[in-house]
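We count ligands from 1, going down the list as the structure has it; atoms in each ligand are counted the same way.
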Amino acid sequence: MRMHNRVEHVAELVEQACRRAGRSSEDVNIIAVTKYVSLESTKHVLDSGLRHIGENRWQDAKAKWESLGDRGQWHFIGHLQTNKVREVIGRFTYIHSLDRLSLAKELDKRAEAGNTKVQCFVQVNVSGEESKYGLRPEEAEPFLREIAAYHNLDVIGLMTMAPYEANPEDTRPVFRGLRELRDELNERAAGRDPLTQLSMGMSNDFEVAIEEGATWIRLGSILVGKE
Ligand SMILES: *Cc1c(COP(=O)(O)O)cnc(C)c1O
C-alpha cells in the first residue's frame with residue numbers, strides 16, 4: 001500500500017475506535033514510528049502530512065533528524081541511555097521512556113543547560129513482563145514525587161507497551177491498568193501537575209488502546225511500513 005493510502009486507512013480505524021469509545025479523534029495523536037525505514041521514506045511520511053515522528057535509537061534517528069528535523073516534532077520512544085541525553089535534548093520534544101531517577105536528573109541538567117524544557121512520559125511496565133523497561137506501577141507515585149523538583153521536566157503522562165497478543169483484545173487490561181494508574185496518581189496529586197496524556201498502543205493493538213483512553217498512539221508497521 002502507498003503511504004497516502006496507509007494514512008487514510010489508519011485514520012479510518014482511529015475514527016471508528018473513537019466512535020466506539022465516545023471520544024473525539026482530535027484527542028488521539030498519531031506518532032509515525034520511522035525506526036524501520038530509510039531517510040527517504042521518512043520524508044514521504046512528512047510529505048503525507050504527518051507531523052509526529054517516533055524513533056527509538058539516536059544512532060538510527062541522527063541522519064533523519066539532521067535532514068528533516070525542522071519539519072516535524074520528534075518523539076524519543078525507546079530506552080534512553082544516560083550518555084545519549086546530550087544528543088536528544090533540544091532535538092526531541094518528547095521523551096516517552098522516562099523510567100529512572102538517574103535519567104530524570106540528566107534530562108533536567110541538559111535541558112537547563114540548553115535553556116529548554118522537555119516533555120516526558122513516565123514509562124510503566126503494567127504487564128510485568130521481565131523483558132520490558134519501565135517502573136512497576138507501585139513505584140510510579142514515589143518517582144513522580146521525587147522528580148517534581150526537576151523544573152525543566154514537564155511530566156505530561158504515562159507510557160506503556162503491551163505484550164504482543166494474537167488477539168489484541170487480550171491487551172485491554174494493560175491499557176486499562178495504565179489509565180486507572182494515571183487517574184489514581186492524579187487523585188493523589190502525585191505529580192507537580194496533573195497527568196493528562198497516555199502514550200499507548202502500537203500497530204497490533206492501537207484500537208483497543210484508544211478505547212481505553214490513549215491520547216498518543218505509536219504506529220510503525222501499519223502506517224509507515226517496514227523495509
Ligand atoms: C517499534 C515501536 C513502536 C511501533 O511498533 P509497530 O508495532 O511497528 O507499530 C511503538 N512503540 C515503541 C516503543 C517501539 O519501539
Side-chain angles (χ1 to χ4, degrees), residues 1 3 5-14 17 28-39 41-42 44-46 48 50-62 64-65 72-81 84-85 88 92-100 103 107 118-135 156-172 174-175 177-178 197-227:
M1 233 194 280
M3 192 62 225
N5 297 356
R6 280 199 296 255
V7 173
E8 287 204 333
H9 174 62
V10 165
E12 181 55 34
L13 295 176
V14 167
V28 179
N29 300 285
I30 297 173
I31 302 169
V33 177
T34 50
K35 68 184 185 192
Y36 305 119
V37 304
S38 65
L39 168 60
S41 301
T42 304
H44 294 320
V45 168
L46 289 161
S48 78
L50 291 163
R51 279 295 159 266
H52 293 281
I53 302 291
E55 283 279 337
N56 67 348
R57 285 161 52 101
W58 169 244
Q59 294 92 312
D60 299 335
K62 188 170 189 286
K64 295 169 192 165
W65 191 90
Q73 300 250 12
W74 295 69
H75 296 249
F76 199 92
I77 62 173
H79 180 65
L80 180 54
Q81 291 171 274
K84 293 293 184 306
V85 167
V88 163
F92 286 74
T93 312
Y94 299 88
I95 309 289
H96 290 246
S97 48
L98 177 55
D99 62 354
R100 58 199 190 278
L103 178 61
L107 283 166
V118 54
Q119 315 274 313
C120 299
F121 296 82
V122 172
Q123 184 171 356
V124 182
N125 183 359
V126 177
S127 68
E129 282 174 291
E130 287 279 341
S131 61
K132 293 249 186 324
Y133 289 105
L135 297 170
I156 59 174
L158 304 179
M159 178 274 213
T160 201
M161 290 175 78
Y164 178 87
E165 297 285 358
N167 178 4
E169 185 56 34
D170 294 342
T171 61
R172 190 177 297 278
V174 172
F175 298 138
L178 194 71
Q197 308 295 311
L198 293 172
S199 168
M200 58 188 197
M202 305 175 27
S203 293
N204 185 54
D205 52 25
F206 68 97
E207 295 164 276
V208 179
I210 290 172
E211 290 170 13
E212 293 300 330
T215 61
W216 295 89
I217 54 176
R218 309 178 308 267
L219 304 180
S221 33
I222 197 174
L223 180 62
V224 178
K226 282 190 178 185
E227 287 165 353

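Proximity to Tyr36 (heavy-atom distance under 4.0 Å) selects the following atoms of ligand 1: 1 (C), 5 (O), 8 (O). The contact set between ligand 1 and Arg218, taken as ligand atoms under 4.0 Å from a residue heavy atom, comprises 4 (C), 9 (O), 10 (C), 11 (N), 12 (C), 13 (C). Near Ile77, the atoms of ligand 1 lying under 4.0 angstrom from a non-hydrogen atom of the residue are 11 (N), 12 (C), 13 (C), 14 (C). Near Met161, with a cut-off below 4.0 Å to any heavy atom, the atoms of ligand 1 are 13 (C). When each atom of ligand 1 is checked for a heavy atom of Asn56 under 4.0 Å away, the hits are 15 (O).
For Lys84, there are no salt bridge (charged side-chain N to carboxylate O under 4.0 Å, His left out) partners, not counting sequence neighbours.
Residues Thr215 and Gln197 bring a donor and an acceptor atom of their side chains to less than 3.5 Å of each other.
Nearest non-hydrogen protein atom to atom 9 (O) of ligand 1 is Ser203 OG, 2.5 Å.
For Lys64 (side chain) and Glu55 (main-chain N/O), no donor-acceptor pair under 3.5 Å exists by modelled atom type. With hydrogens and angles ignored, the 3.5 Å screen pairs a side-chain donor or acceptor of Arg6 with a backbone N or O of Val224.
Within the model, atoms CG of Asn29 and CG of Leu50 stand 11.5 Å from one another, a figure rounded to the nearest 0.5 Å. Between Phe121 atom CZ and Trp216 atom CH2 the span is 6.0 Å, to the nearest 0.5 Å.
An N or O contact shorter than 3.5 Å links Gly220 to ligand 1 by distance.
Here atom 14 (C) of ligand 1 lies nearest to Lys35 when heavy atoms of Met202, Lys35, Gln123 are compared.
At least one heavy atom of Leu219 sits closer than 4.0 Å to an atom of ligand 1.
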Would you mind writing out the side-chain donor-acceptor pairs for residues 157-168 within the sub-3.5 Å range, not counting sequence neighbours?
from, atom 1, to, atom 2, distance (Å)
Thr160, OG1, Val124, O, 2.6
Asn167, OD1, Glu169, N, 3.1

